[in-house]
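The structure appears right after this line, and notes come after that.
Owing to the predicted nature of the structure, the values given are computational and were not obtained by experimental measurement. Only heavy atoms go into these numbers, but all of them, side chains included; no hydrogens, no water, no symmetry mates.
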Amino acid sequence: MWPYLIWLTLTQTISVLASDVGRDWGVERQSYTDPVTGVQIWEMTKTGSVSDNLYFHFSNFTADNRYLLFVSDRTGSTQLFRAELESGHIVQLTDDAAANARSACPDHTNARRVYYLRGPEVFALDILDFTQRKVGEIPPPHVGGFQQPTLSGDGQRLTVTKQRDESTWEIGLLSTATGAYRTVITQGFRIGHVQYSPVDPAIFYVWETGGYAPQRTWLVQADGSGNRPFYARTDPRPGSPRSRNGSPMRLG
């Protein structure tokens with residue numbers, strides 16, 4: 001565990017000239033000691049742009065703990081960056097307004113690799129030499145609804161999500177080696193927070209409503225079987241037939 005906290009400074013956006021992949025933005029970090037807890041705080045980015053973490057499903061660190069990965073709009077669009085923990089040097093990893101930097105998924109089996117989306121296309125990026133390859137593409141039908149991919153424990157498959165039409169959402173698996181796609185499950189509700197289990201062939205997802213969901217959390221096996229509630233939802237509405245104590249569900 002790091003004996004200090006890392007802080008990304010969030011301020012009002014200030015656009016600068018567009019930069020190239022591989023640009024070294026120098027060192028911006030500074031540190032101070034929190035007067036209440038005594039914990040050393042590291043601010044890795046300076047003011048003048050908005051810098052933010054990756055999606056909360058993932059560690060923001062590479063598998064070897066050498067780099068912190070983050071997104072920033074310092075170029076005028078949101079791009080992916082790395083900050084070396086040893087030196088503090090910030091280097092830009094993407095320079096593409098169409099790239100979804102916030103969808104970045106670090107590879108826990110390869111410290112140099114991170115996956116990200118460009119529309120329905122999935123790319124693998126080497127964060128050291130900046131080479132990239134197209135892994136595959138989420139096939140139609142789709143009307144958008146692409147979310148961050150998540151990686152299986154062995155690194156061989158990525159979960160991907162799409163909205164098929166106005167009322168149907170789908171979870172699929174994409175082979176990281178061949179790009180082959182197969183459907184895991186479709187649902188007649190908005191799917192979100194998809195996560196591949198790091199130890200089991202199972203996928204967690206939720207029913208997104210923006211409010212109350214009759215059954216919020218779900219599990220499904222990677223082959224599409226065994227779809228069931230992860231935690232049986234308690235309906236808070238008085239007199240509801242579902243108003244009972246919920247119980248956690250285990251992987252089968």
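Within the 3.5 Å criterion, the main-chain N or O of Asp165 finds a donor-acceptor partner in the side chain of Gln163. Of the possible donor and acceptor atoms, none in the side chain of Thr168 sits under 3.5 Å from a partner among the backbone N and O of Thr186. In this structure, the side chain of Ser103 engages the main chain of Asn100 through a donor-acceptor pair within 3.5 Å. A distance-only check finds a donor-acceptor pair linking the side chain of Arg29 to the backbone of Leu85 [under 3.5 Å]. Asp73 contributes a side-chain N or O that, together with a main-chain N or O of Val50, makes up a donor-acceptor pair within less than 3.5 Å.
Taking the side-chain contact (heavy atoms from CB on, under 4.5 Å) definition, one finds that Asp126 meets it with Arg112, Leu128, Asp129, Thr131, sequence neighbours left out. Every residue two or more places apart in sequence or in another chain was checked for a ring pair (Phe, Tyr, Trp, His ring centres under 6.0 Å) with His89, and none qualifies. Residues forming a salt bridge (Lys or Arg N to Asp or Glu O under 4.0 Å) with Asp223 (at least two apart in sequence, or on another chain): none. Under the rule for a side chain to side chain donor-acceptor pair (under 3.5 Å), the partners of Thr150 that lie at least two apart in sequence or sit in another chain are Thr159. By the ring pair (Phe, Tyr, Trp, His ring centres under 6.0 Å) test, Tyr116 pairs with Phe123, sequence neighbours left out. With sequence neighbours left out, the salt bridge (Lys or Arg N to Asp or Glu O under 4.0 Å) criterion links Asp34 to no other residue.
Applying the side chain to side chain contact (heavy atoms under 4.5 Å, CB included) test between Leu54 and each of Val114, Val71, Leu68 identifies Val71 as the sole match.
Side-chain contact check for Thr45 and Glu28: no donor-acceptor pair (N or O, by modelled atom type) lies under 3.5 Å.
The other residues sharing a hydrophobic cluster with Trp169 are Ile171, Leu173, Val184, Ile185, Phe189, Ile191, Val194, Tyr196, Ile203, Tyr205, Trp207, Trp218, Val220, where clustering joins ILVMFWY side chains under 4.5 Å apart. In this structure, Leu174 shares a hydrophobic cluster with Tyr115, Leu117, Val122, Val135, Ile138, Phe146, Leu151, Leu158, Val160, Tyr181, the cluster being traced through Ile, Leu, Val, Met, Phe, Trp and Tyr side chains under 4.5 angstrom apart.
Within the structure, salt bridge (charged side-chain N to carboxylate O under 4.0 Å, His left out) pairs that include any residue of residues 202-211 comprise Glu208-Arg216 (at least two apart or interchain). Applying the salt bridge (charged side-chain N to carboxylate O under 4.0 Å, His left out) test to every pair with at least one member in residues 84-94, sequence neighbours left out, gives these pairs: Arg66-Glu84. The salt bridge (charged side-chain N to carboxylate O under 4.0 Å, His left out) analysis of residues 170-186, with sequence neighbours excluded, yields the pairs Lys162-Glu170, Arg164-Glu170. Residue pairs meeting the salt bridge (charged side-chain N to carboxylate O under 4.0 Å, His left out) criterion with at least one member in residues 139-155, sequence neighbours excluded, are Asp154-Arg157.
Counting only heavy atoms from C-beta outward, the side chains of Thr94 and Gln132 never approach each other to under 4.5 Å.
When all heavy atoms of Phe81 and Ile90 are compared, the pair lying nearest together is CD2-CG2, 4.0 Å. Counting all heavy atoms, side chain and backbone alike, Leu125 lies closest to Leu93 at CD2-O, 3.7 Å. Nearest heavy atoms, Tyr67 versus Asp64: N-OD1, 4.5 Å. Contact between His108 and Ala63 at its shortest, heavy atoms only, is O-CB, 3.8 Å. Across every non-hydrogen atom of Ala101 and Gln79, the tightest pair is CB-C, 3.6 Å. The heavy-atom pair separating Gln147 from Gly192 by the smallest distance is OE1-CA, 3.4 Å.
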With side chain to side chain donor-acceptor pair (under 3.5 Å) as the criterion, how do Arg228 and Gln221 come out once you've worked through the C-alpha distance, each side chain's angles and the decisive distance to 0.1 Å? CA-CA 9 Å; Arg228 71 272 194 196; Gln221 297 302 112; 3.1 Å; yes
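Taking hydrophobic clusters as Ile, Leu, Val, Met, Phe, Trp and Tyr residues chained together by side-chain heavy-atom distances below 4.5 Å, Val206 shares a cluster with Tyr231. Phe58 and Phe70 fall into different hydrophobic clusters, where Ile, Leu, Val, Met, Phe, Trp and Tyr are joined by side-chain heavy atoms under 4.5 Å apart, directly or via other members.
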